[in-house]
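Have a look at the structure below, then the notes.
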Amino acid sequence: MDKLLLDIKNLKLSFFTPAGEVKALNDISIQMEEGEVLGIVGESGSGKSVTAYSLMGLTAYPGRIVDGTVDFNGHRINDMKEHQLRAMRGNEVSIIFQDPMTSLNPVYTIGNQIREVIMLHTNLDKKEAHRRAGELLTLVGISDQEKRLRQYPHELSGGMRQRVMIAIALACEPKLLIADEPTTALDVTIQAQILELMKELKSKINMSIILITHDLGIVASMCSKIAVMYGGKVVESGCVDDIFYNMKHEYTKGLLRSIPKINASEHEKLVPIEGTPVDTLNPPAGCPFAPRCSKCMKICLSRMPAYTSVNEDHYCACWLLQKADFEARADNKGHTEDSAAVAYGVEGGPK
Amino acid sequence: MGVYIIKRLISGVITLIVVATMTFFLMFMVPGGPFLAEKALSPQTLQALESKYGLDKPVIVQYFNYMKHLAQGDLGTSLKQRGRDVNDIIRIGFPVSARIGLIAVTISLFFGISLGSMAAVKRGKLTDNIIMVIATAGIAVPSFVVATVLLFSFGVRLNLLPTVGLSTPLHYIMPVIALSLYPTAYISRLMRSSMLDVLGQDYMRTAKAKGLSWFVMLFKHALRNAVLPVVTYLGPLMAYIMTGSFVVERIFNIPGLGSKFISSITDRDYPLIMGTTIFLAFLIIFMNVIVDIVYKLVDPRIKFR
């Protein structure tokens with residue numbers, strides 16, 4: 001369980017568009033051990049999917065890794081040739097996408113599309129691959145396999161198609177499954193079924209999962225570790241309990257405040273996070289969340305805070321923590337609060 | 001599927017009757033007549049000719065006479081080419097036009113699909129721009145210009161290719177090029193836009209995530225989806241191109257059906273006008289049924305109702 005499966009270090013990834021460089025990932029580091037379930041949470045455009053795609057070498061044109069390294073399962077993804085990446089995709093790491101309605105090719109049968117990936121990465125012939133495809137359908141909870149294998153995607157429901165996508169993803173028993181908002185396009189009961197299935201499969205096949213979502217409920221029920229992303233940065237990461245019960249970053253707090261509570265009174269209002277998502281074409285110089293943060297300080301707007309370690313697994317990038325940290329140390333040495341503020345250029349405290 | 005085809009056949013027959021009726025009455029609304037263009041005939045001769053061909057009867061009577069013969073598959077006798085049946089004219093002319101037409105369609109399909117796909121894959125790059133400039137030119141330049149330029153350069157100046165008739169395979173080269181340039185250009189543009197659309201689809205991302213090579217992605221996953229608009233265009237294209245082109249057949253002196261369409265109208269050769277029009281309508285209807293069946297084979301989502 002201790003072997004590092006995924007090690008993303010200081011990854012910077014940009015899309016070079018005619019309008020300019022869009023910094024989709026701005027210096028992110030994520031580590032993952034074998035057997036872990038990592039949740040990546042954040043709003044649209046925060047860089048969740050781009051992070052996952054980068055480790056499959058799936059970064060879409062005109063995106064490019066500018067700096068940093070991605071190591072997965074002993075490979076340095078940055079240095080891999082296209083044919084090496086191809087051998088890895090669908091085999092060591094596979095992915096299921098948000099919309100099962102459009103993720104399967106409409107003109108080929110389910111059987112054809114499952115067989116294809118099996119025959120690509122193993123030595124099975126068509127007949128054996130067909131049998132294996134049937135087994136996979138059983139595994140993902142689809143009955144009447146022979147009939148299903150002959151059907152086309154449009155003849156299946158959304159939940160069924162997502163099961164097929166999972167079957168395709170699991171065909172070669174990958175080390176890592178990336179689930180990119182796997183339930184967003186499904187209705188609630190089907191969501192629960194798909195998540196239950198993923199949990200079950202995780203224990204059957206020894207694989208790790210990266211779960212990308214903006215649904216914190218899903219994260220709480222599935223993940224062991226969480227990385228909260230905002231504006232192309234990981235602003236806070238830690239184990240589930242750290243994030244849910246001891247969150248430090250203002251954005252994480254905002255996210256958790258904006259979930260409806262089941263025991264809330266009928267007229268209680270949800271607390272939204274004010275403001276608009278960060279403009280990645282012209283990102284702010286400091287903390288990306290600063291313009292929307294209620295506790296924003298002057299320094300937040302000009303410099304990005306370093307990570308403060310809350311405990312062994314729990315890291316957070318916020319000036320408030322740095323300030324508190326400094327004050328704690330300053331107090332020990334007998335300094336006053338003012339000198340801490342001066343040292344960090346904090347004038348007038350929170351706005 | 002059997003029921004569907006029967007339905008289509010019935011609606012096809014109705015369409016043909018409508019086309020025949022409209023053409024018939026429109027034709028008689030045009031001033032002039034088949035025997036006016038020649039040197040002045042004596043009134044007696046004219047009357048004799050008209051009564052021989054039944055042109056002296058009221059139009060409505062002529063219409064029912066014509067439809068009666070049409071129902072038996074008899075398209076009548078040409079008024080200009082005395083003694084020749086319209087059926088025979090079509091039977092002799094059509095294979096000639098159809099042969100050149102089929103070659104041209106095959107060539108257009110091959111080059112149109114490959115050039116269009118290539119442009120889509122190399123989107124925004126030099127290859128794409130070159131292909132699209134050529135395709136736009138191919139659509140803009142009319143076939144009589146292409147045909148004359150080919151004839152003048154390869155036939156007359158360089159003296160490489162024969163210019164008249166269809167006696168050897170070499171004779172086919174220039175007419176086929178002249179005929180296929182426009183459809184090739186059109187199919188390339190069609191293919192490029194639909195390929196671009198398909199390449200951006202989620203299932204292409206799935207294909208890539210499976211670890212498939214770009215060759216398999218393109219030829220297995222993209223092509224079959226992208227080719228649908230081309231199939232749609234193919235129906236009318238086949239019908240038009242196989243019935244021959246007036247311009248190309250005139251310039252290269254090919255005894256096909258194409259020139260008959262125009263000359264029959266200027267000649268007021270009523271039975272030939274009717275015959276060629278009905279034949280073209282029939283081909284279009286027939287090709288569209290074929291296209292629908294092909295459509296079903298390419299895309300399993302399509303259901304016949």
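Letters A, B, ... are given to chains in the order of the sequence lines, protein chains preceding strands, and every chain is numbered from 1.
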Taking atom types as modelled, is there a side-chain donor on A:Glu116 or B:His221 under 3.5 Å from an acceptor on the other? yes

Whether over 12 other heavy atoms sit under 6.0 Å from A:Lys199 NZ: yes

So B:Lys303 and A:His154, do their side chains get closer than 4.5 Å, heavy atoms only? yes

Above 12 or not: heavy atoms from other molecules or residues under 6.0 Å from CZ of B:Phe286? no

Is there a donor-acceptor pair under 3.5 Å between the side chain of A:Tyr108 and the backbone N or O of B:Lys220? yes

Flag if over 12 foreign heavy atoms under 6.0 Å of CZ, B:Phe111: no

With a 4.5 Å limit on heavy-atom distance, are the side chains of A:Phe97 and B:Thr206 in contact? yes

Residue, of B:Leu212, B:Val198, B:Asp299, that accumulates the most heavy atom pairs under 4.5 Å with chain A: B:Leu212

Can you see which heavy atom on A:Leu104 is nearest to which on B:Tyr203, and at what distance? C-CB, 3.5 Å

Heavy-atom distances under 4.5 Å only: say whether A:Thr102 touches chain B with side chain, backbone, both or neither. both

Select, from A:Thr109, A:Val107, A:Asp99, the one with the greatest count of heavy-atom pairs under 4.5 Å involving chain B. A:Val107

Given a strict heavy-atom distance threshold of 4.5 Å, which part of A:Ile178 is in contact with chain B: side chain, backbone, both, or neither? neither

Side chains of B:Lys208 and A:Arg89 in contact at under 4.5 Å (non-hydrogen atoms): yes

Assess whether atom CZ of B:Phe282 is packed by more than 12 heavy atoms of other residues, nucleotides or ligands within 6.0 Å. no

Other residues, nucleotides, ligands: >12 heavy atoms within 6.0 Å of A:Arg64 CZ: no

So, the part of A:Met165 with a heavy atom under 4.5 Å from chain B: the answer is side chain

Name the option with the most non-hydrogen atom pairs under 4.5 Å to chain B; the candidates are A:Gln113, A:Met101, A:Gln98. A:Gln113

Might you confirm whether atom CG of A:Asp144 has over 12 heavy atoms from other residues, nucleotides or ligands at distances under 6.0 Å? yes

If you count heavy atoms of other groups shown closer than 6.0 angstrom to OH of B:Tyr186, is the number above 12? no

Backbone N/O of B:Ser213 and side chain of A:His83: donor-acceptor pair under 3.5 Å: no

Nearest atoms (heavy-atom pairs only) where A:Pro106 meets B:Pro300: O-CG, 3.4 Å

Distance, nearest 0.5 Å, that separates CG of A:Asn105 from CD of B:Gln201: 9.5 Å

Only pairs of heavy atoms separated by less than 4.5 Å count here; which of A:Ser103, A:Ala169, A:Gly90 has the most with chain B? A:Ser103

Within a radius of less than 6.0 Å around CZ of A:Phe16, do more than 12 heavy atoms belonging to other residues, nucleotides or ligands occur? yes

Should the pair B:Arg301 and A:Tyr152 be classed as cation-pi, given the thresholds of under 6.0 Å to the six-membered ring centre and 45° from the axis? no

